[in-house]
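The analysis underlying the following values was restricted to heavy atoms, covering all of them including side chains, and did not include hydrogens, waters or symmetry mates.
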Amino acid sequence: MEEGNSIIYGLEHQTRALSPQYESDAIRFLIGTQSLKPNTNQVHVVELEEDTGALHTKVYKHDIGEIWHLRCSPHDAATLMTTHNSYDPETSQCTMGVSIYKLPTLDVIPKDADDLSAIQGRIAEDMALVTTITPEKPEEEIRCSEWHPIDVTRIGIVMDSSVSVRDITTGQVVNSITPEGRNRLKFSSGKWSPQAINQFAVLQDTHIKCFDTRMDGCKTAWNIDNAHRQLARDLDFNPNRQFHLATAGDDAALNIWDYRNAKEPIFSRTDHSHWVWTVRYNTYHEQLLITGSSDGRALLTAAASICDTEDDKKLSQVLEDGVLQSYEQHEDSVYCVEWSTAEPWTFASLSYDARLVLSRVPRHFKYKILL
């Protein structure tokens with residue numbers, strides 16, 4: 001991919017689910033579609049050939065329903081998990097669920113010209129369904145499902161009014177977290193802590209609540225009240241610095257917190273002009289974050305001042321806080337952004353109009369960080 005150029009991949013159906021694939025040497029992303037037509041949804045595997053900028057894809061069937069959330073397993077590159085909504089024409093009702101699938105192959109790039117011709121004329125292939133988990137109450141909405149960072153058998157499922165920790169080998173509930181009170185505020189998202197691996201943080205209206213999943217009940221390990229002035233949409237833990245996490249919300253803000261003293265954020269920006277749906281830390285360079293918004297933009301932002309170390313060369317001396325680059329190739333709400341797990345300078349953004357955009361950190365910022 002040439003400097004300054006983004007690569008666009010278009011899909012047939014609307015999209016709002018994206019995940020990087022945890023593969024050591026391939027820039028690869030998975031996309032889930034959100035079509036209302038029965039038996040038309042798909043999972044697209046998109047791989048970028050870094051040297052040539054060529055995109056290669058494989059398409060798999062997801063007939064169980066529209067995909068609202070997708071996560072590749074950090075433990076097995078061939079395993080993925082979808083949060084989906086299925087319509088039953090007999091009952092005229094929709095039911096949400098979580099399904100785990102196994103890809104038949106990790107190969108995406110064709111090995112020769114004959115393979116390329118076959119792929120270009122292909123139809124969607126089948127994935128192997130491992131298991132499907134449905135809520136105890138059929139009307140319950142599922143917001144997202146997340147793999148445990150260490151335990152390969154456990155996932156966390158965020159529903160409207162509770163968090164369910166499940167054993168995927170048995171489907172049994174390991175722990176259930178339900179807030180107290182009659183007028184409980186709904187959950188909107190959640191994520192495991194990569195450092196405190198038994199802690200699961202959820203967004204509850206404008207607040208952040210973190211629970212220790214080893215304990216029964218609803219007592220919080222820590223919480224941040226009024227993290228945003230309006231609904232909090234997403235959170236991401238700093239992978240390299242314990243106690244730090246970033247949040248995004250309907251107040252158009254990107255906030256970074258130290259949850260040990262969370263009276264106010266340690267970093268805050270409002271560079272978007274509408275709701276911010278998603279935020280992600282760069283895995284290797286914690287001063288770099290990307291956000292996606294309903295304003296149709298993905299923003300690359302530097303938060304160098306809160307990442308300074310005791311080294312002679314401080315990050316804040318080479319990067320100024322604020323927006324480094326605005327990526328404006330989308331024409332609809334950017335619901336997802338994800339960094340590549342194989343190449344730290346490449347990221348993907350996905351908008352509702354079925355457009356995936358692969359972009360890179362500008363070279364001069366990369367050199368500032370490295371040199």
Any donor-acceptor pair under 3.5 Å from [X] side chain to [Y] backbone:
{"X": "Asp321", "Y": "Ser305", "result": "yes"}
{"X": "Thr15", "Y": "Ser351", "result": "yes"}
{"X": "His285", "Y": "Trp345", "result": "no"}
{"X": "Asn175", "Y": "Met215", "result": "yes"}
{"X": "Asp225", "Y": "His207", "result": "no"}
{"X": "Thr95", "Y": "Ser86", "result": "no"}
{"X": "Trp147", "Y": "Arg71", "result": "yes"}

Looking at [Y] and [X], is any side-chain nitrogen of the basic one under 4.0 Å from a carboxylate oxygen of the acidic one?
{"X": "Asp234", "Y": "Arg280", "value": "yes"}
{"X": "Lys102", "Y": "Asp76", "value": "yes"}
{"X": "Asp63", "Y": "Lys61", "value": "no"}

Would you please say whether a donor-acceptor pair under 3.5 Å links the side chains of [X] and [Y]?
{"X": "Gln230", "Y": "Trp275", "answer": "no"}
{"X": "Tyr281", "Y": "Glu286", "answer": "no"}
{"X": "Ser161", "Y": "Glu140", "answer": "yes"}
{"X": "His56", "Y": "Glu49", "answer": "yes"}
{"X": "Thr33", "Y": "His62", "answer": "no"}

Shortest non-hydrogen contact from Ile67 toward Ala17: CG2-CB, 3.8 Å
Counting only heavy atoms not in Arg269, do more than 12 fall under 6.0 Å of its CZ? yes
Given the rule that I, L, V, M, F, W and Y join up when any side-chain heavy atoms are under 4.5 Å apart, are [X] and [Y] in one cluster?
{"X": "Phe365", "Y": "Leu288", "answer": "yes"}
{"X": "Tyr101", "Y": "Val98", "answer": "no"}
{"X": "Ile306", "Y": "Leu245", "answer": "no"}
{"X": "Tyr352", "Y": "Leu18", "answer": "no"}

Apply ring pair (Phe, Tyr, Trp, His ring centres under 6.0 Å) to residues Tyr259 and Phe243 and explain how you reach the verdict. CA-CA 6 Å; Tyr259 62 76; Phe243 310 120; 5.6 Å; yes
Does any non-hydrogen side-chain atom of Leu48 lie less than 4.5 Å from one of Glu343? no
Can you confirm whether Ile224 sits close enough to Thr247 that some side-chain heavy atom of one is under 4.5 Å from a side-chain heavy atom of the other? no
Would Arg16 count as a cation-pi partner of Trp277, with NZ or CZ less than 6.0 Å from the six-membered ring centre and within 45° of the ring normal? yes
Walk me through it: do Gln172 and Asp167 pass the test side chain to side chain donor-acceptor pair (under 3.5 Å)? CA-CA 5 Å; Gln172 297 298 311; Asp167 186 319; over 6 Å; no
Pair Arg360, Glu50 - check salt bridge (charged side-chain N to carboxylate O under 4.0 Å, His left out), show working. CA-CA 11 Å; Arg360 288 180 62 87; Glu50 189 175 4; 3.7 Å; yes
Evaluate Arg143 against Ser189 for side chain to side chain contact (heavy atoms under 4.5 Å, CB included), listing each step before the verdict. CA-CA 6 Å; Arg143 299 303 184 186; Ser189 187; 5.6 Å; no
